Number of protein chains: 2
Amino acid sequence: MKYELDQAQELSAQIAQAIRDGIMEGSLIVDQRLPSESDLCEQFQVSRPTVREALKRLAAQNLIRTQRGASGGAFVNRLSFEDAYGQQITTSTLLLSMNAVSFETACEARFALERACVALAAQRRTPDQLAAMRAEIHRQSQPGLSDESFCASDVAFHRALVDAAGNPVMSYQLAGAVEAIEPLMNMITFTARKREKIVELHTLIADALEGRDAATTEAVLGQLAEHTLELAREVARMRSKSA
Amino acid sequence: MKYELDQAQELSAQIAQAIRDGIMEGSLIVDQRLPSESDLCEQFQVSRPTVREALKRLAAQNLIRTQRGASGGAFVNRLSFEDAYGQQITTSTLLLSMNAVSFETACEARFALERACVALAAQRRTPDQLAAMRAEIHRQSQPGLSDESFCASDVAFHRALVDAAGNPVMSYQLAGAVEAIEPLMNMITFTARKREKIVELHTLIADALEGRDAATTEAVLGQLAEHTLELAREVARMRSKSA
DNA sequence: AAAAATTAATTGTCAGACATTTGAAGAAAT
DNA sequence: ATTTCTTCAAATGTCTGACAATTAATTTTT
């Protein structure tokens, strides 16, 4: 591990960066134990609270985990896809809400990226994944479902579609795009007729995937994108009228 | 802001989560000042080091920034696309290196996602973006370029391609995929002949985008993906032979 | 030999202090 | 009256030292 600290930064940030560099560069490997807090104090010549703040920074990124007790300490964490999903979703959600990203932009990104999965999904979809998609379709067609539940099911459907591509890197990359849009989708009220149309398109997608028909899947996904955008525009029109 | 703390977690993590929830839910808005550390101590009934650890966790995620001095304190940060890029790249890089993601998987994800940008890029590419791509192509065709520099230029080329889609959400989502693969690409030694082929394909892509020809761009991108994978397989064969 | 108690190491938390930075108010000089 | 300088107060950054809680290893007891 290197111990070169930049000036003009907070000590805890410098120490965190030094350790982070060690992890990214590979000199600290997964499950390796970091020196104890008091050892780190000596090595970096700082007090324990400062070291601890540095470690908490790393813990916030899931880069390390800590264990109490005799053989405890801080260990380099294997960043799991699970952890990475979570971070992605948090970041994407905040990014969208804080930067006033328009529904159009977010929606465009989502469907464009999803389209990238279709060709692979048509080849590789498993029966399980198809079943998951059909289950969500069934949920969506139940009357009396709240808008929130409908959107949550929509997200689940699309997650299943993405997962069907069988590429964990893509699933991870798209998790953010798909989940982060949910709050925006929740602002759209889906009337019964609109829901019917969406369910119909979802069904067509599932059918096309079952038949391993990439071209049709892609076409229907395009229709769904168009339909979703149209709904959003309609809602926007109604709002501006009533205002 | 809510102050409900889950049990069975570290205090600093609970406090961080409570504040994070406030930010995500919208009760804490951008540039708003959090209570001072001593105020937070009172409100959460914990000591200052504990509060500080919580704040450092949030700072590590770029959710807050702190300022010293009279009118200082912790402020809710507007998460910029810039910040989000950085986090994405860190996370993606670690994810790939720690989980032994194969070159094939990473490469597949990258080209599939990139393909999603092409249709939009063909419509929207600006002269500046085209110029950036051509500049990278020029760099790539210079003899004597190190493999690292060649790969870095490759990344820059593809970033320009992604940015040409004119959708910041997509740029952000793909930043990780494109950048994180660079270390893997660096493991491939590009002979002069191989580089020539790549430069040729890059040129065809730039030409097709200039002519706003989405179909051709997509086709060439597919060839590039195939070619890259073939190179990787070749390298793998050579390694296994010499071993 | 097995179970229970002790011990040591380590992180989690607390309390209080001082250092450093920074904006603002007041005082002094022009 | 305006500008500049000084002082002050508030806030974060850091340090010291201590105690609590947890856990694995060790020792003691049965």
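If you're wondering where the values come from, they're calculated on a predicted model, not measured in any experiment.
- The side-chain hydrogen bond (donor to acceptor under 3.5 Å, both in side chains) search around A/Arg33 returns none, not counting sequence neighbours.
- Between B/His158 atom NE2 and B/Leu174 atom CG the span is 11.5 Å, to the nearest 0.5 Å.
- Checking side-chain atoms of A/Gln45 against main-chain N and O of A/Glu42 turns up a donor-acceptor pair under 3.5 Å.
- Checked against ring pair (Phe, Tyr, Trp, His ring centres under 6.0 Å), A/Tyr172 has no partners two or more places apart in sequence or in another chain.
- The stretch residues 51-65 of chain A touches DNA chain C through A/Arg52, A/Lys56, each having a heavy atom within less than 4.0 Å of the strand.
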Q: Please assess B/Gln17 against B/Arg57 for the test side chain to side chain contact (heavy atoms under 4.5 Å, CB included), listing each intermediate value before the final yes or no.
A: CA-CA 9 Å; B/Gln17 191 59 51; B/Arg57 295 179 113 106; over 6 Å; no
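- Ion pair B/Glu136/B/Arg159 not flagged as a salt bridge, since none of the NZ, NE, NH1 or NH2 atoms sits closer than 4.0 Å to an Asp/Glu carboxylate oxygen.
- Side chain of A/Asn77 to main chain of A/Leu79: no donor-acceptor pair is present (N/O by atom type, distance under 3.5 Å, no hydrogens or angles).
- By the 4.0 Å N-to-carboxylate-O rule, A/Arg65 lies close enough to A/Asp31 to be salt-bridged with it.
- Taking 4.0 Å as the cutoff to heavy atoms of chain A, we find the contact window on DNA chain D bounded by D/dG13 to D/dA24.
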Q: Start with the C-alpha gap between A/Arg124 and B/Glu108, add the side-chain angles, then the distance that decides, and say whether salt bridge (charged side-chain N to carboxylate O under 4.0 Å, His left out) holds.
A: CA-CA 14 Å; A/Arg124 301 183 187 160; B/Glu108 176 179 283; 2.6 Å; yes
Q. When you check every protein heavy atom under 4.0 Å of nucleotides 14-21 of chain C, what one-letter string (B, S, -) results, 5' to 3'?
A. B--B--SB
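- Protein atom CZ of B/Phe44 is 16 Å distant from nucleotide atom C1' of C/dT13, rounded to whole Å.
- With sequence neighbours left out, A/Pro49 forms a side chain to side chain contact (heavy atoms under 4.5 Å, CB included) with A/Ser47.
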